[in-house]
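Here's the structure, in structure tokens; my notes come after.
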Protein chains: 2
Amino acid sequence: MDNSMDNMQVCETTCIHEDIVNRVKDKLPDDETIYKLSEFFKVFGDKTRVKIVSALIDSEMCVCDIAYLLNMSQSAISHQLRVLKNSNLVKNRKEGKVVYYSLDDEHVKDIIAQGIVHITHKGRGE
Amino acid sequence: MDNSMDNMQVCETTCIHEDIVNRVKDKLPDDETIYKLSEFFKVFGDKTRVKIVSALIDSEMCVCDIAYLLNMSQSAISHQLRVLKNSNLVKNRKEGKVVYYSLDDEHVKDIIAQGIVHITHKGRGE
DNA sequence: TTTATATATGAACACATATTCATATATTCA
DNA sequence: TGAATATATGAATATGTGTTCATATATAAA
């Protein structure tokens, strides 16, 4: 893992600001945190999942409701709900044959809201 | 676009809660907003980009600094910086041959912070 | 102008991923 | 038990994406 840079074209030059790099390196989150962060945001990086989450902000719904609402197949929704569940973003409860999904994280609303702030502030030229 | 559901295996059944679906449908953000949201979060859905952004929270840096800090090739970093720039998350200034990158969005810090809140709260079983 | 350096970029490749299709599982009802 | 329904899931496929490699561009220095 360390000799992977042996023949890589990286700037082995004088342009590196070692003081800055060293200072930043100390503050940078560890690799596991970075990985978890990117995996977390990756979940929101899909239209279908953002729709599902946005919908569940308003109300608990069953798989069939969501498929109908989003005009998508039951299978596709089910697969995505599993992704959301694995990320602890939604939970479910079973009532007979029907499985109801709802949000399992208080910050989901805030995350979406903050995303909206960004895209509305940056939409048309700075 | 409307007849795409003609032979799709969606629940054309009685389990749909029409009242809930209709109410949620009205509140759901429009398709363009959903798309922009997912594209926005997709940017944070990559380890390298999260690292770059986290690093830039602390200090402006040149491409070479970032490549050295993250132990990655200059080309890989340059490609990712373009993605971040296209998303209006970073800006750059040129000083001779050196290009310095810095954050271009006040909420980036908040987004990362909120992500950390989630992964630390949900890490070890609820 | 020639050389060196810092960055940008297009193409290719390897890998990840979202949806579909077929089917399995679980539950209710007759 | 058997039929119907709601959901879950594995495999396959198509599409997206991150890095590498080679190279182009831009700037500075000799």
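For A/Tyr101, a side-chain nitrogen or oxygen approaches OP1 or OP2 of D/dA8 to under 4.0 Å. OP1 and OP2 of C/dT7 both lie 4.0 Å or more from every side-chain N or O belonging to B/Ser78. In terms of phosphate contacts, B/Gln74 brings no side-chain nitrogen or oxygen within less than 4.0 Å of OP1 or OP2 of C/dA6. Contact annotation: A/Ser73 side-chain N/O to C/dT19 OP1/OP2 distance is not under 4.0 Å.
Looking at heavy atoms from C-beta onward, B/Ser87 lies in side-chain contact with B/Val43 at the 4.5 angstrom threshold.
We find the OH-NZ distance between B/Tyr100 and B/Lys94 to be 13.0 Å, quoted to the nearest 0.5 Å.
Remark: the A/His79 side chain and the C/dT20 base include a donor-acceptor N/O pair separated by less than 3.5 Å.
With rounding to whole Å, B/Tyr100 atom OH is found 10 Å from C/dA6 atom P. Here C/dT17 presents its C1' atom at 9 Å from CD of A/Gln80, a figure rounded to the nearest Å. The nearest whole Å value for the distance from the CD1 atom in A/Ile16 to the P atom in C/dA6 is 9 Å. If you measure from atom NZ of B/Lys91 to atom P of C/dT7, you get 18 Å, rounded to the nearest angstrom. Going from atom CD1 of A/Ile66 over to atom P of C/dT19 covers 13 Å, rounded to whole Å. The separation between A/Met72 atom CE and D/dT7 atom C1' is 16 Å, rounded to whole Å. Put simply, CD1 on B/Ile77 is 13 Å from P on D/dG18, counting in whole angstrom units. The distance between atom CG of A/Leu84 and atom C1' of C/dA18, rounded to the nearest whole Å, is 13 Å.
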| message | For nucleotides 25-30 of chain D, give me one character per nucleotide, 5' to 3': B if any protein heavy atom sits under 4.0 Å from the base, S if the only such contacts are to the sugar-phosphate, - if neither. | response | -SBS--
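Annotation: cation-pi geometry not satisfied between B/Lys36 and B/Phe41 (NZ/CZ under 6.0 angstrom from ring centroid, within 45° of ring axis).
Within residues 39-54 of chain A, no residue is approached by DNA chain D to less than 4.0 Å at the level of any non-hydrogen atom.
Around OH of A/Tyr35, the count of heavy atoms belonging to other residues, nucleotides or ligands within 6.0 Å does not exceed 12. Within 6.0 Å of atom NZ in A/Lys42, more than 12 heavy atoms from other residues, nucleotides or ligands are found, so the atom counts as buried in its surroundings.
The two residues B/Phe44 and B/Val50 make their nearest non-hydrogen contact at O-CG2, 3.1 Å. Minimum interatomic distance between B/Val117 and A/His107 (heavy atoms only, all atoms of both residues): CG1-NE2, 3.6 Å. Heavy-atom minimum distance, B/Ile34 versus B/Pro29: CG1-O, 3.7 Å.
A donor and an acceptor atom, one from each side chain of B/His17 and A/Tyr68, are nowhere located under 3.5 Å apart.
Among the nucleotides C/dT9, C/dT7, D/dG10, the one closest to any side-chain atom of A/Ser75 is D/dG10. You'll find that the side chain of B/Arg82 is closest to C/dG10, out of D/dT7, C/dG10, C/dA8.
In summary, B/Lys47 and A/Glu39 do not engage in a salt bridge, as defined by a charged side-chain N under 4.0 Å from a carboxylate O. A salt bridge links B/Lys51 to A/Asp31: one of the charged nitrogens lies within less than 4.0 Å of a carboxylate oxygen.
Both key distances under 3.5 Å define a Watson-Crick or G-U pair, and stretches of 3 or more such consecutive pairs in DNA chain D run C:1-30 with D:1-30.
Note on A/Leu28 and B/Ile52: same hydrophobic cluster, where clusters join Ile, Leu, Val, Met, Phe, Trp and Tyr whose side-chain heavy atoms are under 4.5 Å apart, directly or indirectly.
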